[in-house]
Protein chains: 2
Amino acid sequence: MPSHPPFAVTVDLVILTVRAGRLLVLLVERGEQPYAGRLALPGGFVRPTEDLESAAYRELGEETGVTAGVHLEQLASYGAPQRDPRMRTVSVAWLALAPDLPEPVAGGDAAHAVWVEATEALGRNLAFDHANILADGIERARAKLEYTPLATAFCAPEFTVGQLRAVYEAVWGQALDARNFHRKVTGAPGFIVPTGHSTNVDGGRPAQLYRRGSLAVLNPPLVRPDSP
Amino acid sequence: MPSHPPFAVTVDLVILTVRAGRLLVLLVERGEQPYAGRLALPGGFVRPTEDLESAAYRELGEETGVTAGVHLEQLASYGAPQRDPRMRTVSVAWLALAPDLPEPVAGGDAAHAVWVEATEALGRNLAFDHANILADGIERARAKLEYTPLATAFCAPEFTVGQLRAVYEAVWGQALDARNFHRKVTGAPGFIVPTGHSTNVDGGRPAQLYRRGSLAVLNPPLVRPDSP
DNA sequence: ATAATAGTGTCTGTGAGACATTATACC
DNA sequence: GGTATAATGTCTCACAGACACTATTAT
């Protein structure tokens, strides 16, 4: 037995976005064995001289065409001995949160990429252990909206309070009180800062536009309502 | 370029305990190159047929002699190309929280294991990127005490409210108000449950003994006081 | 008695949840 | 006018922080 047996190391990405009030995840249809024809998270092998985070950014760019303005953080690693029937593989999973991207995808590796509603994707019999990874990614995103300003990663550079609230509602899957939400996010110093502009693209009274502030941790947090 | 270059995969452990009001981490003195003679986190190579979590438990047992009653959770993975000068290595780091263990260590691999105060260990010029891993582990532990009942993992099966408070004070490095703390932990349903026994080993009035309850998430959380 | 720790009680300010109301656009 | 969304305001209750006080042991 060698003291350091060979492993393959991959990165897999849970890329989430919010569009039309729904939380979507980017999946690719596998063209090769194993799991040919099944949906999977985008990902690939880490190259010999490449940092893990660089590999994640590279895959993100290959699948979406965009890396700027996308939040990326490490999620967890998955390494069950038989998780890939071809060889012993450890996958380092990453969570990416992106604003509604220009076009679903285009060309290259991403030929068969599709956006699927996140909760629905969990029931789609994903390849490998990707259902587990996706579930962990969704839960991470839901939890982090509570105590970080990360919801702004789903928004355009300038956004209204109503659009920000729509992000929370889509990710958490439940409605929030618009008035209490407005008071909370505008009252937390550094969470969002007004730009002075306004918009009325959503109909109704024009809304102030905001940019994300410098706040890193939201204290006290913005907690999810009880599930029922 | 092969499509899946060979990597070595290791597990490294941040094993924390609280003793005499101090947060301690278990370190080992390296006997071999690279970094011979330097302190490092305990760890080792993942075996070909072994799950990542199993490897972490195995290393935990080899270093401490104990696995039962120890909380173990995955921390993060570290894979910078030059982090190990011997070969391309990805380390999956784990965080272990243990009650004050019977004896520091004994025999076998753990011949040179030592408990070091956690904050002090950060300045000890640890091998590899272990200072980064340790810093992440300490911060994870500090954060999780806020919203989980994980502090009980540092306690014996039966403990007093004062002992539990001492854990919080050691991990957070600041004093807490004993009266507000008592009200909070006894008032959170399912956090700790009274056993009916009492003890006076700590001097003063005898204290009620408690066991950890079934609560998984502490809501509302027990927040750290502001740093200053 | 003194010291030490355990446990209970009181007051106050912050802030979340539940609502009402007004403001400003488009039709 | 009606309808849509934005923004502000009010009331109440839960709870954290600050701090006083009582309880029970050991020396």
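Letters A, B, ... are given to chains in the order of the sequence lines, protein chains preceding strands, and every chain is numbered from 1.
Atom NE2 of B:His182 is separated from atom P of D:dA16 by 15 Å (rounded to the nearest Å). Atom CD of B:Glu146 and atom P of D:dA16 are 12 Å apart (whole Å). At whole-Å resolution of the value, NE2 in A:His197 and P in C:dA25 are 17 Å apart. Between B:Asp202 atom CG and D:dA23 atom P there is a gap of 22 Å when expressed in whole angstrom units. Between B:Leu222 atom CG and D:dG17 atom P the separation is 8 Å, expressed in whole Å. A straight line from CD of A:Gln174 to P of C:dG17 spans 11 Å, rounded to a whole angstrom. As rounded to whole Å, 10 Å separates atom P of C:dA16 from atom CG of A:Asn219. A straight line from CZ of B:Phe181 to C1' of C:dT5 spans 15 Å, rounded to a whole angstrom.
Comparing atom distances between the B:Ala207 side chain and each of C:dT24, D:dA7, C:dG7 picks out C:dG7 as nearest. Of the candidate nucleotides D:dA7, D:dA16, C:dA18, D:dA7 has the atom nearest to the side chain of A:Arg179. Side chain of A:Val161, nearest nucleotide from D:dA7, D:dA20, D:dA16: D:dA7. Of the candidates C:dT5, D:dA6, C:dT24, C:dT5 carries the atom nearest the B:Arg205 side chain, counting heavy atoms from C-beta on. Set against C:dC19, D:dC19, D:dT24, the side chain of A:Asp177 has C:dC19 as its closest nucleotide. Out of D:dA7, D:dA16, C:dA6, the shortest distance to the side chain of B:Lys184 is found at D:dA16.
In this structure, B:Asn200 reaches the sugar-phosphate backbone alone: every heavy-atom distance under 4.0 Å involves primed, P, OP1 or OP2 atoms, never a base. B:Asn180 comes within 4.0 angstrom of a nucleotide base, judged by non-hydrogen atoms across all strands.
Screening B:Val11, B:Val92, B:Leu52 against B:Ser77 for a side chain to side chain contact (heavy atoms under 4.5 Å, CB included) leaves a single residue, B:Val92. Under the side chain to side chain donor-acceptor pair (under 3.5 Å) test applied with B:Tyr78, the options B:Asn132, B:Asp136, B:Thr10 reduce to a single match, B:Asp136.
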Go through A:Thr148 and A:Lys144 one step at a time and tell me if the side-chain contact (heavy atoms from CB on, under 4.5 Å) criterion holds. CA-CA 6 Å; A:Thr148 70; A:Lys144 277 215 153 187; 4.0 Å; yes
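Between A:His130 and A:Phe128, the ring planes lie tilted relative to each other; the angle falls in the 30° to 60° range.
Toward the 5' end of DNA chain D, the nearer of the two residues A:Leu209 and A:Arg183, judged by each one's closest nucleotide, is A:Leu209.
Between the side chains of B:Thr17 and B:Asp100, not a single donor N or O lies within less than 3.5 Å of an accepting N or O.
The side chain of B:Arg165 contributes an N or O atom lying less than 4.0 Å from OP1 or OP2 of C:dA6.
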